[in-house]
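Have a look at the structure below, then the notes.
Here is the naming used below: chain letters follow the sequence lines, and residue numbers restart at 1 for every chain.
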Protein chains: 2
Amino acid sequence: MVQKSGRSDPSKGLAGGKSSKAAAKAAESGKAAVAPPPGAPPRKRGRPRAFEPEVALKKALAAFRKSGFSATSLDDLSAAMGINRPSLYGTFGDKRELFLKAYQRYRAETNALFAPALDPKLTLRQMLEMVYATAINIYLSGDHGPSGCFTVMTAASEAMSDPEIRAIVQKAIENSDRTIAGRFRAAMEQGELPPKTDCDALARIVSASIQSIAIRSRAHVPRAELEAMARSTIDLVAGPARR
Amino acid sequence: MVQKSGRSDPSKGLAGGKSSKAAAKAAESGKAAVAPPPGAPPRKRGRPRAFEPEVALKKALAAFRKSGFSATSLDDLSAAMGINRPSLYGTFGDKRELFLKAYQRYRAETNALFAPALDPKLTLRQMLEMVYATAINIYLSGDHGPSGCFTVMTAASEAMSDPEIRAIVQKAIENSDRTIAGRFRAAMEQGELPPKTDCDALARIVSASIQSIAIRSRAHVPRAELEAMARSTIDLVAGPARR
DNA sequence: AGATTTTTGTACCATTTCGAAAGAAATTCC
DNA sequence: GGAATTTCTTTCGAAATGGTACAAAAATCT
């Protein structure tokens, strides 16, 4: 007999009252709640959104990452994102669409985080060290324990039944392999590696070890062990450390 | 207005009639439906089971493997196992217990499949070849597409929220690392590897590549690529093939 | 100010899901 | 053959789930 009306959360009332005030203040005090882009405030016609889609999507991503697609209910999502179901549906579509959008956001976000490590001016070893450090930071992040890699853990689970998700997972894995292999080839051409090195094979090893780190992080393997694994893999594929 | 009574499946009637006949026949014709163990038929007192718990558990394992814990409903399980919910509940407990039992069965089953590869009489290279071949066969098996590794894909997803499952996943990963490392050390002591090889590091690489193969199999990476990945990893950790 | 448009908040619906109760069926023990 | 026991089948029910309808609210345009 637990009625839905039994919510004792006062935030809705506050939010309703605050949103109008916040928007009004935004125009004068400059502290916008919706963060209008620096130069272009062509506001739309109707009632303004009470949330920023970007941060809501970020919350959704965290929720999906925590429990996976099926175990994350729309109630969970709506609570985590701080918006109610109709708004969610209106902005992001149904649950699956939201999942896809969250996944795309994850890919863009992580690609951006890995970008500095792929600077061609770095040595192979420096690049690998940065890649592993970035990966470990991503996989160990999360307010509710290490959340692993979305591609490897969350999306790959759905890849079985959803061809579209599967295609994205394929692309993500392939992209990882290809990017790292390219970096290995560059290193080989610059004499950092012996001339006939099998760069594709080494790249797959690096990819695999990163995936394994994602899995292990989810099993709560301590950070030090993950870092040790990264170091030993680097030594194996890039030659032992010079001293 | 779809009533539950609308099942047009006649199997229940047949099953009911058949089970009595089958059991009766079993006693005389020797073709038992319940497969009494070779030497010990101390049948229990009440109505006999109409299913073999072992094969039902196998079906449950396949169902969980296909869709994961949350996305597999008790209806799915009951349909896949061929037994109805109350029997399922009475035999295996609730959904989570069934999941744990299925996972334990998976571990036992795969351990048995890997056992021949770990024969100490094999060379390191032979052992690795057998291990990868076994893994690929396991991960690509499944009536509904490649199902990957239960530990890596299915259980690791639940590991986030369920400490007991997490502990099993930890143990599974650690066991894999340790077993392979032991085999590497033996090879090193017998001169198959240079004296100061970092066996733990190599073992983790092998573990990681196997996990990556599981992930890739689920993304429908073709078998040939998985095998190529196995070969190149073997060459890397056990030295290139002798000819 | 009033019309228009977009979003929000509440309530609701149909279905699914997990779990359990109750009686029928099948077997062994006496 | 009858009592006891175990399992099977049917059915139910409470809660959760994904999704939606509808009116109030908050903004812009005229």
Side-chain angles (χ1 to χ4, degrees), chain A residues 1-7 9-24 26-27 33-34 36 41-53 56 69-79 81-99, chain B residues 1-7 9 11-24 26-27 33-34 41-51 53 56 69-79 82-99:
Chain A
M1 277 297 189
V2 176
Q3 298 300 90
K4 302 159 194 168
S5 59
R7 292 177 63 184
D9 184 356
S11 65
K12 50 182 174 180
L14 277 163
K18 199 169 53 179
S19 63
S20 62
K21 207 166 51 179
V34 193
R43 261 177 297 191
K44 277 182 302 182
R45 209 160 183 288
R47 176 174 180 170
R49 283 210 176 93
F51 63 95
E52 298 168 48
F69 179 79
S70 303
T72 306
S73 71
L74 284 184
D75 272 342
D76 295 336
L77 289 165
S78 143
M81 301 166 81
I83 67 184
N84 41 31
R85 231 117 32 95
S87 297
L88 191 162
Y89 196 84
T91 308
F92 302 103
D94 68 7
K95 193 181 174 185
R96 183 174 167 279
E97 284 183 76
L98 175 59
F99 183 84
Chain B
M1 277 295 189
V2 177
Q3 297 299 91
K4 302 160 195 168
S5 59
R7 293 176 61 186
D9 184 356
S11 65
K12 50 182 176 182
L14 278 162
K18 199 167 56 180
S19 63
S20 62
K21 205 165 52 178
V34 193
R43 262 176 295 192
K44 279 181 301 184
R45 210 161 181 285
R47 178 174 178 169
R49 283 209 177 95
F51 63 95
F69 179 78
S70 303
T72 306
S73 71
L74 284 184
D75 272 342
D76 294 338
L77 289 165
S78 139
I83 68 185
N84 40 31
R85 227 114 35 89
S87 297
L88 191 162
Y89 195 84
T91 309
F92 301 104
D94 69 8
K95 194 180 172 184
R96 183 174 167 279
E97 284 183 75
L98 176 59
F99 183 85

Check: Tell me: CZ of F92(B) to C1' of dT7(D), nearest whole Å?
Finding: 14 Å
Next item on the list: Using atom CG of N84(B) as one end and atom C1' of dA24(C) as the other, report the distance to the nearest whole Å.
Entry: 13 Å
Next item on the list: Using atom CZ of R49(A) as one end and atom P of dG9(C) as the other, report the distance to the nearest whole Å.
Entry: 13 Å
Check: At under 4.0 Å between heavy atoms, what does S70(B) touch on the DNA or RNA strands: base, sugar-phosphate, or nothing?
Finding: nothing
Check: How long is the gap from CG on D94(B) to CG on L88(B), to the nearest 0.5 Å?
Finding: 10.0 Å
Item checked: Any S73(A) side-chain nitrogen or oxygen under 4.0 Å from OP1 or OP2 of dA16(D) -> no
Check: How many Å lie between CG on D76(A) and C1' on dG18(D), as a whole number?
Finding: 12 Å
Checklist line | Listed nucleotide nearest any side-chain atom of Y89(B), set dC8(D), dG19(C), dA20(C) | finding: dA20(C)
Margin query: I need the CD-C1' distance between E97(A) and dG18(D), as an integer number of Å.
Written below: 14 Å
Note to self: At less than 3.5 Å, do the side-chain atoms of R45(A) and the base atoms of dT4(C) form a donor-acceptor pair?
What the structure shows: yes
Notebook entry, point to check: Please give, in whole Å, the distance from dT17(C) P to F99(B) CZ?
Noted result: 17 Å
Checklist line | P86(B), nearest nucleotide to its side chain (from dA26(D), dT17(D), dT9(D)) | finding: dT9(D)
Checklist line | Options dA26(D), dT17(C), dC8(D), nucleotide nearest the side-chain atoms of D75(B) | finding: dT17(C)
Notebook entry, point to check: Is there a donor-acceptor contact under 3.5 Å from the side chain of K95(B) to the main chain of Y89(B)?
Noted result: no
Checklist line | Where P53(B) and F92(B) come nearest, the two heavy atoms and their spacing | finding: O-CZ, 3.7 Å
Next item on the list: Can you figure out which of dG19(C), dT20(D), dC8(D) approaches the side chain of R85(A) most closely?
Entry: dT20(D)
Note to self: Assuming nearest nucleotide by heavy-atom distance, tell me which of F69(B) and G46(B) is located more 5' along DNA chain C.
What the structure shows: F69(B)
Notebook entry, point to check: Separation of L74(B) atom CG from dC18(C) atom P, in whole Å?
Noted result: 4 Å
Checklist line | Between dG19(C) (C1') and I83(B) (CD1): distance, integer Å | finding: 15 Å
Notebook entry, point to check: What distance do F99(A) atom CZ and L77(A) atom CG have between them, rounded to the nearest 0.5 Å?
Noted result: 10.5 Å
Item checked: Sidechain-backbone polar pair: S78(B) side chain, I83(B) backbone, donor-acceptor under 3.5 Å -> yes
